[in-house]
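Have a look at the structure below, then the notes.
Counting begins at 1 with the first residue of the sequence. Values in this document were obtained by computation on a predicted structure and should not be read as measured data.
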Amino acid sequence: MANKKRRCTSCKKYKEATSGIVAPIGFFCDKSCQYNYAIKKPKELKQKTKAIVYKKQKAKDARRKKELMSRGAWYQKLQEVKNKWVTKVRDVDEFCCTCPTQNNVKYDAGHYIAVGSNMDLRFEETNIHKQCSVKCNQFGRGMPVEYDEFIKQKYGEGHYNWLNTKFLCHKPHPTLKEQFPTWQDIELEIIRYRKLLKEAGV
């Protein structure tokens, strides 16, 4: 009956079990393989340990970088991804909200209530719509009269009044701090919109 073969822990070749060396750390063809493994293994472990430490440090540095980002920088990142979602996904088949343009022109995500006028509505979806960049958003300065009519027709007088209400004893719009208490909340919103973009193939 043929002897049973075993695989060498070092060179990975198979050898007759009775002709090799059995050690606590494995089976070896001969002393040469056992010696090579003894030299090589610590190096591999050291490299693996180094890779693990590097990965952990990289993750730690990435988190620290996020923690040091200002809220303004986080808002800008969110604005970029949200604007892209408005123009490339939600309103992609819509006309410009303030003129009948639906050509291959550059489009912006135009704010009805400008960010500078009411920061709390910066990310309100009903306050942002696809708008042709040059004619309406830039040269037309947002076309406020036409945008008024668009909002009334799309959402009704009640919502139009809600968007335009800024100075009341009871503040109608939650502040950005209330909407996003921490930078992690802003990041989650960014992730959500990126997922929507990805699902739409953008």
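Gln131 approaches Gly110 most closely through the heavy-atom pair OE1-CA, 3.6 Å. Nearest heavy atom pair, residue Asp120 against residue Leu176, reads OD1-N, 3.8 Å. Shortest non-hydrogen contact noted between Val105 and Cys132 is CG2-CB, 4.2 Å. Residues Gly26 and Thr9 come closest through the heavy atom pair CA-OG1, 3.4 Å. Scanning both residues, His173 and Asn118, for their nearest heavy atoms gives ND1-ND2, 3.2 Å. Residue Cys29 comes nearest to Lys15 through the heavy atom pair O-NZ, 3.6 Å, listed as atom of the first residue, atom of the second, then distance.
Linking ILVMFWY residues whenever their side-chain heavy atoms come closer than 4.5 Å, directly or via other members, places Val115 and Val86 in the same cluster. In this structure, Met69 is a member of the same hydrophobic cluster as Ile186, with clusters built from ILVMFWY side-chain heavy atoms closer than 4.5 Å.
Rounding to the nearest 0.5 angstrom, the gap separating the CD atom in Glu157 from the CH2 atom in Trp162 is 16.0 Å. Rounding to the nearest 0.5 Å gives a distance of 9.5 Å between NZ of Lys5 and OG of Ser19. Between the OH atom of Tyr107 and the OG1 atom of Thr87 there is a distance of 10.5 Å, given to the nearest 0.5 Å. Atom CD in Gln79 sits 10.0 Å away from atom OH in Tyr193 (nearest 0.5 Å). The CH2 atom of Trp74 lies 8.5 Å from the CD atom of Gln184; values are rounded to the nearest 0.5 Å. Remark: Tyr37 OH to Cys11 SG distance equals 12.5 Å, nearest 0.5 Å.
Listed for the Glu124 side chain is a donor-acceptor partner under 3.5 Å among the backbone atoms of Thr126. Formation of a donor-acceptor pair under 3.5 Å by the Ser10 side chain with backbone atoms of Cys33 is found in this model. Counting only distance, with no hydrogens or angles, the side chain of Asn127 and the backbone of Leu121 share a donor-acceptor pair below 3.5 Å. In this structure, the side chain of Glu189 does not engage the main chain of Phe180 through any donor-acceptor pair within 3.5 Å. In this structure a side-chain-to-backbone donor-acceptor pair under 3.5 Å is present from Gln179 to Pro174. A donor-acceptor distance shorter than 3.5 angstrom exists from the side chain of Arg7 to the backbone of Lys12, with no hydrogens or angles considered. Using a distance-only test at 3.5 Å, with no hydrogens or angles considered, no donor-acceptor pair links the side chain of Ser117 to the main chain of Ile113. With hydrogens and angles disregarded, a donor-acceptor distance shorter than 3.5 Å links the side chain of Asp185 to the backbone of Thr182.
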* side-chain contact (heavy atoms from CB on, under 4.5 Å) evaluation trace for Ile151 with Leu163 -> CA-CA 9 Å; Ile151 294 294; Leu163 287 173; 3.9 Å; yes

* Please test Arg6 against Val22 for side-chain contact (heavy atoms from CB on, under 4.5 Å), starting from the C-alpha separation and ending with a verdict. => CA-CA 10 Å; Arg6 292 187 64 177; Val22 179; 3.7 Å; yes

* Taking it one step at a time, do Cys99 and Glu146 satisfy side-chain contact (heavy atoms from CB on, under 4.5 Å)? -> CA-CA 8 Å; Cys99 80; Glu146 291 79 2; over 6 Å; no

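Legend: salt bridge (charged side-chain N to carboxylate O under 4.0 Å, His left out) pairs involving residues 126-136, not counting sequence neighbours: none detected. The side chain to side chain donor-acceptor pair (under 3.5 Å) contacts involving residues 21-36 comprise nothing, where partners must be two or more places apart or lie in separate chains. Within the structure, the salt bridge (charged side-chain N to carboxylate O under 4.0 Å, His left out) test picks out the following pairs touching residues 98-108 (sequence neighbours left out): Lys106-Asp108. Within the structure, the salt bridge (charged side-chain N to carboxylate O under 4.0 Å, His left out) test picks out no pair touching residues 173-182 (sequence neighbours left out). Residue pairs meeting the salt bridge (charged side-chain N to carboxylate O under 4.0 Å, His left out) criterion with at least one member in residues 77-103: none, sequence neighbours excluded.
Below 30°, between 30° and 60°, or above 60°: for Phe123 and Tyr75 the angle between ring planes is between 30° and 60°, a tilted geometry.
Of the N and O atoms on the side chains of Tyr112 and Asp148, at least one donor lies less than 3.5 Å from an acceptor on the other residue.
In this structure, Val202 and Val89 have side chains that are in contact, with non-hydrogen atoms separated by less than 4.5 Å. Proximity of Met119 to Arg122: side-chain heavy atoms (C-beta onward) are separated by under 4.5 Å at one or more points.
Annotation for Leu188: hydrophobic cluster partners, listed by chain and number, are none (ILVMFWY side-chain heavy atoms under 4.5 Å, direct or chained).
Of the options Arg71, Arg64, Lys65, a salt bridge (charged side-chain N to carboxylate O under 4.0 Å, His left out) to Glu67 is made by Arg64 and by none of the others.
Ring centers of Tyr155 and Tyr160: at least 6.0 Å apart, outside the cut-off. Checked against the 6.0 Å centroid threshold, His159 and Phe150 do not count as a close aromatic pair.
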